[in-house]
Structures are given as C-alpha cells and as structure tokens.
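Given the structure is predicted, the values throughout are model-derived calculations rather than measurements. One is the number of the first residue; the rest follow in order along the sequence.
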Amino acid sequence: MTDVVATNQTILVVGGGISGMTAAIEAAECGKDVVLLEKNPSVGGRVSQLYKYFPKMCYPSCGMEINLRRLKAQKRLRVITMAEVTKIGGGPGDYTATVKIAPRYVNENCTACGECAAAVETEFDDEFNYGLSKRNAAYLPFNMAYPQRYVLDPRVIGTDDAEKAKAACKYDAIDLDMQEETLQIKAGAVVWATGWKPYDAGKIQPYGYDRFQNVITSVEFERMMDPFGPTGGKLVRPSDGKEAKDVAFIQCAGSRDKNHLAHCSRICCMASLKQSTYLREKFGDDGKATVYYIDIRAIDRFEDFYTKVKADGNVRFVKSKVANITQEKETGNPVLHGVDTEGYERYSNPHDLAVLAIGMEPSVPKGAFPMEVVVNDSGFIEPDEANGGIFAAGSASDALDVNRSVQHATASALRAIQVVNRVAGAEG
Ligand SMILES: Cc1cc2nc3c(=O)[nH]c(=O)nc-3n(C[C@H](O)[C@H](O)[C@H](O)COP(=O)(O)OP(=O)(O)OC[C@H]3O[C@@H](n4cnc5c(N)ncnc54)[C@H](O)[C@@H]3O)c2cc1C
Ligand code: SF4
Ligand code: SF4
C-alpha cells in the first residue's frame, strides 16, 4: 500500500464521488499524475445511491460504468479507498498531505466470491441504504462497488466471526492483522471534492421524523426504488409494509430556514419532481403525489421537466410550507397541517407516506477541514485566491446537481493543472 509515488507534479483529489472521479480522470487524461483518495471502501459517492437521474431519468449505474472504465484505463491515476486526510501543509506547488488509511482486512486477492459473508452471522445497519436494512459484517458496499473487493467490518475483529470469515476464504484474501497506516503524499495542487450530506431530519422537530415511521427522507425514498435496495424496489411504508400509493413531498425540509440551513439546497425541488414520477412508474393511475412547496426552483432546462410533471393529473401541487405533521392512530397515516397560500385555507391532509425533501449541507463541517480554506456561511468552499492551489469541486462548493458538479469538477481539474504546470515551468 505504501508505494505511492507522488511529487509536486501530482494532483491530489480528495473525495471519490462523481466530482472527484471527474476531476481525477480529466487531470490524468491530460497526462498528470493523480492520487484519488476516498474515505469509504469504494468510489461513487452519493450518486451511486440514486435510483434514477433527473432530467433524463437514466440509471446512474450507466454513467458510473463509463467513468470506471475511464478511471481503470489511466495508469497515472492511483485510487486509495478508506483514506482520510488529516492534515495538508505547504502551499501551491508544494503541498504535503498526511493521510490515514483504515484497514479493510481484505487484500487484493479478493475475487468478491462472497463465501466470507456466507460464513459470518453478525449484521450491522447498512449505511448504503441509510440504515433501512442490515448488511453482513463481511460485505461488498454495493453491486457495482469499485474496487470489487469485500470489507470486513472492524467491529468483528477479534471475534469468532472474523475467524470464520478467514477460514471460508479460499484465496487467502483475509488479513486480520492489517493495521491502520499513515502516508505522507506530496502534491502540487489539491482538488477537494468531499461532497454533501443530508441534513439531520431529526432536528426538524415539527415533522416528527424521529417519532413517526411513515415520515422518511428523500434519500431514503430513493433507496426504496432500487431493486437491490432495502425493500427490493417496493414502495412500502416502514410501519406496516403497506404499499405507499399516496405520497406527500415536503419541500424545503431543513433548507431556507434560519433555524436549520439558511441556504436553498437547489436540487430538492427537482429531486421531488423526479420522485413524483416514481409513483406512476410503480402504481400507474393509482399512484398519487402531492408536492407541498414554497416555490418550485426548476431552473434552465429543468423547467421542461417541471412542465411535464405538472401536466400529470396524478401530481398535485399545494403552495404551502407545511407547519407540522401528526399521525393518525388507527391507520399510521402521517397528517400534514398548514395553510394553502393560494386561497388561504387551512388543511389537515392524511397521506400513506410523507417524504422530506431534505436539505444538502457540506459533508465536512465548517472548522473541520484539515487545511486553511475559505468557506461561506453555509460551509461550502468559496473560490478564493487565499485557497492557493486548493480548489473545491462539485457539491463541496455548493448544492449542485450532477451535471453542474461535473462541469465544476472539470474546471477545478484545469485550475489544478495550471498550478502544477506553473511549477514545472518555474523549475524547468
Ligand atoms: C434526494 C436527492 C436526489 C438527487 N437526485 C439527483 C438527480 O436525479 N440528478 C442529479 O443531477 N442530481 C441529483 N442529486 C444531487 C447529487 O446527489 C449530487 O449532485 C452529487 O452527489 C454530487 O456529487 P459529489 O461528488 O460532488 O458529492 P458526493 O456524491 O457527496 O461525493 C463525495 C465523495 O467524497 C467522499 N468523502 C467525503 N468526505 C471525505 C473525506 N474527508 N476524505 C475522503 N473522501 C471523502 C464521500 O465518501 C463521497 O464518496 C440528488 C440529491 C438528493 C438529495
Ligand atoms: S474475502 Fe475471500 S471469501 Fe470473501 S469475497 Fe473475497 S475472496 Fe471471497
Ligand atoms: S430546491 Fe426547492 S425544496 Fe430545495 S430548498 Fe430550494 S426551494 Fe426548497
């Protein structure tokens, strides 16, 4: 593992989501040496947890496959998973990153045959499914995971299960003695692509996410549609497994609210419009969506998508910020309360399921960056001269959709290339 050759000509990319992968691939395809660090056991980021992409409604696995092909073809690109940067020192053309690598307990011999998982009994919440299901302690994070290599959860190390996993492996791929490693990686420029995380829905007390089972978040709803997801692709209610044919989408859940996230998360209107189409896909004419919104932010070419959704008689729009949610005792239905601002009528509407269009916040909180970097009030990285040779890419810079993340990441790769080229010019 410790054979990372890096110089001041290397571009270090932190975060292996769609933005980090894009920046790394673009820079490598321009002939630069690149090290891509990802803290999870596989690359792909949150895009790999989506069922379909707006606006084209294609499957993310398709785009991911193309990116993986490009990534694997690049000899100049080194991917290190389970890696977190603890410090970046130096300046443009001369950075040193201290990187901590967590043990996977599974080496390169792994063929992803799955025999270890069959031998192990312990299960944990599956983080890929936002805890909606369990996964084995010996696991592949998801079907298309790259690298295609199992992971042994550190919580079973030292137990019988770890020994059972080792005994089951015919390829000598399980190494229970693996230790955490620390690397120093030199780089001329850094692309920071650590992405976003969903706002903690439990903090929005009036919506009862932590009290009512049939109030879920948009990221959880997305996982439910996946045939390999926690419900096998069924849209069912967590409380009783009943089909959720009448679904409410609550916009600005945690966003545009000074008690939570002050910013507009920019993609959650489009995410709900997309998810409203899932109901017709699942239930045909029986699928009904109601979108409770302040205003719909569908910009540029997304306006066409909005117009198409509005034309569907099974999707209703209620102009209102939902005040609070209660639960019907007998049915388990969430009941949404508020005032419809077109007509100023009070409503108390029961639905099968309520989906919170949850806000996006930076995955690295303000003050937790391992380097000096200028951030805005919401914690997203600003494009600022003071950042030197460190450039944000994608949703580390703002709440962005995939298209805009990819464009932004490509621009960041270019800025990073300019920095290392200047260094090479000055030295040569
Ligand atoms: C409900 C919902 C639905 C959506 N649907 C769509 C859609 O249909 N179409 C669309 O265009 N967009 C959609 N989006 C937006 C889309 O998810 C983002 O545009 C995309 O995830 C941005 O990619 P990214 O690489 O910038 O960030 P991420 O996907 O968050 O990737 C960041 C990566 O960095 C890693 N990382 C984090 N911290 C560290 C660290 N310290 N060190 C190393 N690695 C780290 C993470 O593990 C992750 O792999 C949706 C968003 C939501 C909330
Ligand atoms: S660790 Fe061994 S048993 Fe487990 S998937 Fe890999 S090769 Fe198969
Ligand atoms: S994108 Fe829509 S739902 Fe999301 S915060 Fe902005 S206005 Fe609210």
Participant: Check whether more than 12 heavy atoms from other residues, nucleotides or ligands sit under 6.0 Å from atom CG of Asp377, and answer yes or no.
Facilitator: no
Participant: In Å and rounded to the nearest 0.5 Å, what is the NZ to CE distance from Lys100 to Met82?
Facilitator: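 It is 11.0 Å, given to the nearest 0.5 Å.
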Participant: State whether a side-chain donor-acceptor pair under 3.5 Å links Asn349 with Tyr292.
Facilitator: yes
Participant: Mark yes when over 12 heavy atoms from residues, nucleotides or ligands other than Gln205 sit less than 6.0 Å from its CD; otherwise mark no.
Facilitator: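 More than 12 heavy atoms, drawn from other residues, nucleotides or ligands, come within 6.0 Å of this atom.
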Participant: Flag the pair Arg70 and Glu26 as a salt bridge only when some basic side-chain nitrogen lies within less than 4.0 angstrom of an acidic carboxylate oxygen.
Facilitator: yes
Participant: Look at the aromatic rings of Tyr51 and Tyr59 and report parallel, tilted or perpendicular, splitting at 30° and 60°.
Facilitator: perpendicular
Participant: Are more than 12 heavy atoms from other residues, nucleotides or ligands located less than 6.0 Å from atom CZ of Phe124?
Facilitator: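 More than 12 heavy atoms, drawn from other residues, nucleotides or ligands, come within 6.0 Å of this atom.
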Participant: Using 0.5 Å steps for rounding, measure from the CD1 atom of Ile174 to the NZ atom of Lys164.
Facilitator: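 Going from the CD1 atom of Ile174 to the NZ atom of Lys164 covers 13.0 Å.
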Participant: Which value, rounded to the nearest 0.5 Å, describes the distance between Lys245 atom NZ and Leu279 atom CG?
Facilitator: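 Rounded to the nearest 0.5 Å, the NZ-CG separation comes out at 11.0 Å.
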Participant: If you round to the nearest 0.5 Å, how far is NZ of Lys52 from NZ of Lys274?
Facilitator: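 Going from NZ on Lys274 over to NZ on Lys52, the span is 10.0 Å.
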Participant: For the residue pair Thr81 and Arg104, establish whether any side-chain heavy-atom pair is separated by less than 4.5 Å.
Facilitator: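 Of all side-chain heavy-atom pairs linking Arg104 with Thr81, at least one is under 4.5 Å.
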Participant: Do Gln275 and Ser218 have side-chain N/O donor and acceptor atoms under 3.5 Å apart?
Facilitator: no
Participant: Does NZ in Lys366 sit with more than 12 non-hydrogen atoms of other residues, nucleotides or ligands closer than 6.0 Å?
Facilitator: yes
Participant: Taking the six-membered ring of Tyr306 (Phe, Tyr or Trp), confirm whether the NZ or CZ of Lys310 is under 6.0 Å from its centre and within 45° of its axis.
Facilitator: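 The answer is yes, since Lys310 meets both limits relative to Tyr306.
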Participant: Check the surroundings of atom NZ in Lys308: do more than 12 heavy atoms from other residues, nucleotides or ligands lie under 6.0 Å from it?
Facilitator: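 Incorrect, the count does not exceed 12.
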Participant: Fit a plane to each ring of Phe142 and Phe128, take the angle between them on a 0 to 90° scale, and name the class: parallel (under 30°), tilted (30 to 60°) or perpendicular (over 60°).
Facilitator: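 Judged by the thresholds at 30° and 60°, the geometry between Phe142 and Phe128 is parallel.
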Participant: Does Asp295 have any salt bridge (Lys or Arg N to Asp or Glu O under 4.0 Å) partners at least two apart in sequence or in another chain, and if so, which?
Facilitator: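 With neighbours one apart ignored, the set is Arg256, Arg297.
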Participant: Determine, for Arg155 against Asp153, whether the closest basic-nitrogen to carboxylate-oxygen distance falls under 4.0 angstrom.
Facilitator: yes
Participant: Starting at CE of Met225, measure out to CG of Leu50 and round the result to the nearest 0.5 Å.
Facilitator: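 Answer for the CE-CG pair, Met225 versus Leu50, is 12.5 Å.
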Participant: Under 4.0 Å between a side-chain nitrogen and a carboxylate oxygen: does that hold for Glu243 and Lys282?
Facilitator: no
Participant: Using distance alone, with no hydrogens and no angle criterion, decide if Tyr130 and Thr217 have a side-chain donor and acceptor under 3.5 Å apart.
Facilitator: no
Participant: Determine whether Tyr278 and Met224 make a side-chain contact, defined as any pair of heavy atoms from C-beta on separated by less than 4.5 Å.
Facilitator: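 Side-chain contact under 4.5 Å: no.
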Participant: What I want to find out is whether Arg135 reaches Asp125 closely enough, with some N-O distance under 4.0 Å, to be called a salt bridge.
Facilitator: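 No, Arg135 and Asp125 are not salt-bridged.
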Participant: Could you give me the CA-CA distance, side-chain angles and deciding distance for Asp285 and Arg280, then say whether salt bridge (Lys or Arg N to Asp or Glu O under 4.0 Å) is met?
Facilitator: CA-CA 6 Å; Asp285 283 345; Arg280 189 172 274 287; 2.8 Å; yes
Participant: Does any part of the side chain of Ile101, heavy atoms only, come nearer than 4.5 Å to the side chain of Ile80, both counted from C-beta?
Facilitator: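 Touching, per the 4.5 Å side-chain cut-off.
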Participant: Can you establish whether the number of heavy atoms outside Asp160 located under 6.0 Å from its atom CG is more than 12?
Facilitator: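 No, not enclosed.
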Participant: Does a side chain donor of either His408 or Ser19 reach within less than 3.5 Å of an acceptor in the other side chain?
Facilitator: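 Checked: His408/Ser19 side chains show no N/O donor-acceptor pair below 3.5 Å.
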Participant: Within a 6.0 Å radius of atom CD on Glu180, are there more than 12 heavy atoms belonging to other residues, nucleotides or ligands?
Facilitator: yes
Participant: Check whether the ring centres of Phe249 and Phe221 lie less than 6.0 Å apart, and answer yes or no.
Facilitator: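 For Phe249 and Phe221, the ring centres are under 6.0 Å apart.
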